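None of the values given here were measured: they were computed from a predicted structure. Order of the sequence lines fixes the chain letters, A, B, ..., with proteins taken first and strands second; residue numbering starts at 1 for each chain.
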There are 2 protein chains.
Amino acid sequence: VQVRLDQLGELGLIRLLSSRAMRQDPGVRVGVGDDAAVVLPCPGADLLLTCDALVEGIHFRRAWYAGHPEKLGRKALAVNLSDVAAMGGWPRYCLVTLLAEPAMPLDFVLGVYDGLEGLARESGTTLVGGDTVRLESGFILDVFLVGEVESGAALLRSGARPGDLIAVTGDFGLARAGLEVLERGELEPSGKARPAAGAGDRALAVARQLEPPVRLGEARALAALGCLHALSDTSDGLSRQVRLIGEASQVGAVVEAGAVPVHPATARLAALHGLDPLDWALAGGEEYELIAALAPADLDQAQAAVAALGRTRLKPVGQFTAAPGFGLRGDGGRLTQLPDEGFEHFRGGVERVSGG
Amino acid sequence: VQVRLDQLGELGLIRLLSSRAMRQDPGVRVGVGDDAAVVLPCPGADLLLTCDALVEGIHFRRAWYAGHPEKLGRKALAVNLSDVAAMGGWPRYCLVTLLAEPAMPLDFVLGVYDGLEGLARESGTTLVGGDTVRLESGFILDVFLVGEVESGAALLRSGARPGDLIAVTGDFGLARAGLEVLERGELEPSGKARPAAGAGDRALAVARQLEPPVRLGEARALAALGCLHALSDTSDGLSRQVRLIGEASQVGAVVEAGAVPVHPATARLAALHGLDPLDWALAGGEEYELIAALAPADLDQAQAAVAALGRTRLKPVGQFTAAPGFGLRGDGGRLTQLPDEGFEHFRGGVERVSGG
């Protein structure tokens, strides 16, 4: 028999969550259970503060995580770790606000916490508290993350210089393809009986959407070089992020369409739909890759530092420019406007689940 | 014409909120606008981390704040300030996750931020970031607060000793009375035409529910004495908090019914309903008063420290005991069980708005 949250009660849930074996952390004087957590900052470090919420019906559907709720917990933390990575720092402490409908199965909630605590352990983060609130319906996880970075060394969006390369980790568009697969089942235009994309491609795309990469190691390796002028992540889409860095740095940018890394599975899934995978790659969303600005002369060492970790590569996709504006150079050399797209939560139909 | 959030878009809202004149704070290297905020901790202090969400339909109704949304923003921060006060610390930085339906009027949202920033300024807190997410319906504010306290000096729940007095600021039951007034309009039993409670009493009760006190000054004054064994706040109700401190400290407690401070307005409003105001005072909820454990010999100086601020008094309401269990001593000396009540979010009817 499944236990529901309302059968346990809020205090029961808090007690159950508090009693779980937490990561031991000498920096924690008082964890869950008092009015606030008491933790020690690292002497001489600056604090990084960020929060990101995952909302059912906006960022995900519960059915996506049926049978593996731990992936939802991991993602809720991962999107926040990405913000700390994007500053060149390391994560330390997190709090989690859980908002859930009374009929929510306890097993699902505990699975979410399993995933969250698993990634917390792997990333050196300690869960030290939170809040639990009943919702009339739905499920929301809001994670608050405290990270640290060497004093004065945070990598901002505002440091890009004209002539800097735009370099990115990973590849783009696959998480968006995964969203399409999840939403449409097979990525088939409705009513048509085209051949389905390969199961392997579909599984890969879905995994990218549900299990984003965590680029903490790559970010720290890059930060250690001391040569990055700007760093951010691409959670709002590659195009959008190039624009945000450009605006913050008061420079323009040109992205080379042919240089944007696209996974072969993304290309195959897009082809099935008669779409250009570049559209997914540029507008994207839910892609937690790093995007850096650095002098061309520093590219080799930066690429070596990322490659040394063996998980991804750093690839130049364009250049920041003294000339204002944001361009996309196509294969034939033709320059068009870089799309100003990215998911906006308050616009668009409510029936559409989308990343961002 | 009212502007709705979906007409502005998420990026538009973020830009609008980012452009507002923020409190200047030399501790903030990077505020709103990058991947994470970068702030400086106070050297030698421990960090206090807490979060509390206010959820429409659970903690409040939007109609309560029609015409004065700033009170909702103030309360969202106040409930978190109360947690930092309850540790004996001071607040520094906050992040706000705003979850709102697309049709939400922009004016209401800006009013909420006005209130939040107003109380932030008054309390020495700086708003350094957050997240904005579309909800299908409703309105949620989740505030994350970073506070500080002298290293090793946080006041916990677990330090109460047998023989310690239980001492509280403020009075109890009035916020609960305010909830009844808000929910029933006049606190009249349905269908009966009893005389309404005085408008003054009703206004006072509603104000207590919507505008909780902030006991940061009193908590710091008490902490400075160095004589408190335990400190907490009473947001979950007086009875519940006595039990939580007792359990954490492995002591019992006896509360003197006649000593629990009850405002005359609370008593009058309860009388109108044929209720015992003590029931409201003990179960309460949404009452952000301090509750301390201290040796009887230290009461005078503690009372003087609180009284010196001119806003409230510190009043003993019972004693922690070596004998286990939690009792309530009535006027005639009869000992009964201290009620184990307090609002639990996952239990109870969803139609009922309640504190907690």
Side-chain angles (χ1 to χ4, degrees), chain A residues 5-6 8-11 13 29-30 33-41 43 46-53 55 57-58 83-84 86-87 89 93 95 97 99-100 102 128-136 140 142 144 146-147 149 152 154 156-158 232-233 248 342 344-347 350, chain B residues 5-6 8-11 13 29-30 33-41 43 46-53 55 57-58 83-84 86-87 89 93 95 97 99-100 102 128-136 140 142 144 146-147 149 152 154 156-157 232-233 248 342 344-347 350 356:
Chain A
L5 285 191
D6 55 350
L8 186 68
E10 186 190 3
L11 201 63
L13 179 62
R29 285 191 199 268
V30 180
D34 214 298
D35 298 295
V38 186
V39 302
L40 308 185
D46 289 348
L47 297 177
L48 301 173
L49 306 178
T50 188
C51 62
D52 264 300
V55 179
I58 304 295
D83 285 330
V84 163
M87 304 301 287
Y93 308 109
L95 302 177
T97 298
L99 303 115
V128 294
D131 190 18
T132 61
V133 184
R134 180 169 58 85
L135 277 187
E136 293 190 13
I140 298 173
D142 193 12
F144 168 52
V146 179
V149 65
L156 311 185
R157 293 180 182 174
S158 52
S232 190
D233 76 354
E344 296 204 1
H345 291 296
F346 293 114
R347 270 191 222 274
V350 293
Chain B
L5 285 191
D6 55 350
L8 186 67
E10 187 192 3
L11 201 64
L13 179 63
R29 283 191 201 270
V30 180
D34 214 300
D35 298 296
V38 186
V39 302
L40 308 185
D46 290 347
L47 297 178
L48 302 173
L49 306 178
T50 188
C51 62
D52 263 301
V55 179
I58 304 294
D83 285 329
V84 164
M87 305 302 287
Y93 308 109
L95 302 177
T97 298
L99 303 116
V128 293
D131 190 19
T132 61
V133 185
R134 180 169 58 87
L135 278 187
E136 292 190 14
I140 298 174
D142 193 11
F144 296 105
V146 178
V149 66
L156 312 185
R157 292 180 183 175
S232 190
D233 77 354
E344 295 203 1
H345 291 296
F346 293 115
R347 270 191 222 277
V350 292

> Under a 4.5 Å heavy-atom cut-off, does chain A meet the side chain of B:V84, its backbone, both or neither?
Replying inline: neither
>> Need one label for B:A86: side chain, backbone, both or neither, based on atoms under 4.5 Å from any heavy atom in chain A.
In response: both
> From B:F144 CZ over to A:L95 CG, what is the distance, rounded to the nearest 0.5 angstrom?
Replying inline: 6.5 Å
>> Counting only non-hydrogen atoms closer than 4.5 Å, does B:R157 touch chain A with its backbone (N, CA, C, O), its side chain (CB onward), both, or neither?
In response: both
>> Testing the basics here: between A:M87 and B:D34, what is the closest heavy-atom pair and its distance to 0.1 Å?
In response: SD-OD1, 3.5 Å
>> I'd like to check the side chain to side chain donor-acceptor pair (under 3.5 Å) partners of A:D83; sequence neighbours left out, ordered by chain and number.
In response: A:T50
>> Could you report the tightest heavy-atom contact between B:R134 and A:I58, atom names first, then the distance?
In response: O-CG1, 3.0 Å
> Measuring heavy-atom distances to chain A, does B:V38 have an atom under 4.5 Å in its side chain, in its backbone, in both, or in neither?
Replying inline: both
>> If I compare all heavy atoms of B:P102 with all of B:L135, which pair ends up nearest, and what's the gap?
In response: CD-O, 3.2 Å
> Hey, which of B:D233, B:V55, B:T97, B:L40 has the most heavy atom pairs under 4.5 Å with chain A?
Replying inline: B:T97
> Non-hydrogen atoms of chain A under 4.5 Å away: do they reach the side chain of B:V30, the backbone, both or neither?
Replying inline: side chain
> Got a sec, which residues hit side chain to side chain donor-acceptor pair (under 3.5 Å) with B:D52, two or more places apart in sequence or on another chain?
Replying inline: none
> Pick from A:P43, A:G129, A:P41, A:A248: which one has the most heavy-atom pairs with chain B under 4.5 Å?
Replying inline: A:P41
